[in-house]
Amino acid sequence: MERLETDVLVIGAGAAGLVSALDLEMYDVVVLAKAPAGEGSSSAWAQGGIAAAVGKDDHPAHHKRDTLDVGVELSCEKAAHVITYEGPALIDALINWGVNFDRTDEGDLCLGREAAHSFRRILHADGDSTGKEIMRALGQAVQNSDHIRLISDATAYDLIEKNGRVIGARASRHDGQKVTIFAKAVVMATGGIGSLFGYTTNPEESCGEGLAMAARVGAKLADLEFVQFHPTAIDVGVKPMPLATEALRGEGAHLIDSRGVRFMPSVHKDAELAPRDVVARAIWRRVKAGEKVYLDCREAVGADFKNRFPTVYGYCMEAGLDPTTHPIPVTPAAHYHMGGVDVDLNGRTSVDGLWAVGEVACTGVHGANRLASNSLLEAVVFGRRVAKDIQAVKAIDVKFEDANAETSGSLDLSDQLASVLYGAAGVERHEAGLYTALVKVVGWEEKQDSFSPSFKNKLMAAKMILACALERSESRGGHFRSDYPDTDAEQAHRSKTSLKEIDAFIRGLNIGVNIQGTIQSCQTLA
Ligand code: FAD
Ligand code: SIN
């Protein structure tokens with residue numbers, strides 16, 4: 001067993017974790033991740049770009065308005081203020097770390113357009129390789145720093161808690177070696193939950209483990225039912241699904257059905273640039289009815305595709321499909337978690353010693369839906385805020401002692417879990433489906449001891465999402481209930497909860513009693 005001590009442990013090496021780590025230069029920082037910086041993170045796969053009000057006629061107030069509008073009454077106004085007003089400074093910071101955003105011949109930043117943004121304000125790099133470029137620069141800055149130790153072959157599976165304070169984490173290196181890291185402050189930056197779902201744009205590393213670890217030590221959670229499905233994941237049988245960036249629709253690409261008919265103008269006044277959930281549902285309904293849906297870029301992008309969108313072009317060509325001459329088959333896929341570990345405006349969780357940042361956290365900024373390209377922005381703005389807050393904490397005297405770790409097995413049912421979750425908590429949800437899935441997951445939980453630590457975390461994350469989706473009996477943003485298709489003004493509030501409360505809710509459903517008679521009990525609910 002390897003044992004390390006540090007001032008700050010950052011779990012996750014995406015944009016959020018690396019910005020926090022880089023800004024903590026007066027401390028010894030260990031960054032622990034499943035893969036080297038630039039790999040195994042959604043940050044590295046980001047295409048469209050990062051939003052910030054840096055255009056001539058734009059203003060953070062406009063950006064804030066757009067952010068709040070898309071959140072369907074649930075966005076936290078203060079958090080929206082923070083990311084939109086502090087955004088431009090973080091763009092400067094990224095440029096200082098060496099990020100080369102695309103520029104015009106005159107040297108001005110090129111600004112793209114995406115759905116529900118009232119101005120062109122999406123900064124991008126190498127066309128659609130924004131995340132790769134940001135992570136290249138941040139990774140380089142980490143290498144050049146002498147305060148960060150990077151462990152990039154380990155999966156954290158448990159937080160260590162002592163007298164109500166988080167003092168470290170347990171992890172497993174890819175060669176099976178266990179490692180315990182003690183720290184005065186722990187930053188959870190493990191990204192999202194996409195790969196818990198059968199269809200996703202996320203890397204397999206984004207599977208909700210950080211959410212579960214934080215929940216287990218009692219951290220408050222928020223808005224877990226709100227999952228964003230990206231409308232245009234490329235449907236060519238590849239897992240995870242490559243993304244066809246929204247920026248293509250921003251440039252005028254159309255969605256068409258198998259007869260070549262454009263359908264979005266009859267669904268929403270903004271057609272292809274309607275909010276993501278609206279577009280995703282319109283596509284999903286066609287796919288569910290057995291139709292194929294395509295993104296037609298032939299006219300809007302045409303021969304320029306390879307230069308302007310090299311990443312998407314590469315994905316298409318690998319699948320034997322030339323997007324300059326053929327429409328791209330698309331379907332919605334789990335893309336982003338609006339919910340997460342509940343944090344304040346400094347990224348503090350409800351548990352001492354634990355901060356959360358990036359997609360694993362819920363600042364509340366996205367409400368029930370997320371404006372495109374606001375996620376990288378939130379990751380870097382709050383990455384810096386977390387670092388500042390940790391510096392403000394008075395020196396604490398922590399005794400680094402570990403309690404006994406739980407024993408566990410090696411069984412992993414991730415594929416089965418992914419198909420259960422996509423089926424029940426996908427683009428359209430309903431009570432009977434959610435209930436059946438919960439019964440299954442709770443049944444699996446009873447076999448805890450045989451599961452790998454990682455799968456236990458995935459199972460817990462899935463359970464919490466299902467329970468929260470079952471509890472919200474309305475449709476709002478990314479959460480659509482076919483049995484409650486309307487938005488209910490009475491439910492215009494965020495869902496603040498905890499693992500304890502979720503388990504109490506599930507106990508109230510009498511699932512334990514119903515496991516044997518699942519189908520019967522679901523029929524009565526349906
Ligand atoms: P990530 O970048 O996902 O990093 C998480 C890190 O945690 C990784 O290093 C991972 O290996 C590590 N990790 C996870 N679990 C563990 C564990 N148990 N132990 C140790 N390490 C762990 N947003 C935008 O704003 N603009 C875009 O253009 C955009 N495009 C996107 C395109 C794609 C294909 C995807 C998937 C997402 C896109 N998003 C975009 C969303 C955005 O990329 C993410 O929300 C954001 O990058 C999350 O950053 P993060 O640092 O929180 O997490
Ligand atoms: C995309 O490029 O379409 C993804 C942008 C985002 O998720 O913000």
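Please read all numbers here as calculations on a predicted model, not as lab measurements. Start at 1 and go down the list; that is how both ligands and their atoms are numbered.
- At a 3.5 angstrom cut-off on N or O pairs, Ala44 does not count as close to ligand 1.
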Side-chain donor/acceptor pairs under 3.5 Å, residues 43-55, sequence neighbours excluded:
residue: Ser43; atom: OG; partner: Ala15; partner atom: N; Å: 2.9
residue: Gln47; atom: OE1; partner: Thr245; partner atom: N; Å: 3.1
residue: Gln47; atom: NE2; partner: Leu243; partner atom: O; Å: 3.0

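- Residue Ala13 has at least one N or O atom closer than 3.5 Å to an N or O atom of ligand 1.
- Remark: Lys64 pairs with Glu77, His81 by the side chain to side chain donor-acceptor pair (under 3.5 Å) rule, at least two apart or across chains.
- With a 4.0 Å heavy-atom cut-off, ligand 1 is reached by the side chain of Leu243 but not by its N, CA, C or O.
- Environment of CG in Asp415: sparse, with no more than 12 heavy atoms of neighbouring residues, nucleotides or ligands closer than 6.0 Å.
- Close approach to Met213 involves these atoms of ligand 1, each under 4.0 Å from a residue heavy atom: 18 (N).
- The backbone of Ala189, and not its side chain, has at least one atom closer than 4.0 Å to an atom of ligand 1 (non-hydrogen atoms only; backbone = N, CA, C, O).
- Under 4.0 Å from any atom of ligand 2, one finds heavy atoms of residues Gln47, Gly48, Glu114, His230, Leu243, Thr245, Glu246, Arg276, His335, Arg370, Ala372, Ser373.
- Only side-chain heavy atoms of His335 come within less than 4.0 Å of ligand 1; its backbone N, CA, C and O stay farther off.
- Checked by distance only, ligand 1 and Gly49 come closer than 3.5 Å through their nitrogen or oxygen atoms.
- Between atom NZ of residue Lys34 and atom OG of residue Ser206 there is a gap of 8.0 Å, rounded to the nearest 0.5 Å.
- Evaluation of the ring pair (Phe, Tyr, Trp, His ring centres under 6.0 Å) test over residues 167-192, restricted to residues two or more places apart or in two chains, returns Phe182-Phe400.
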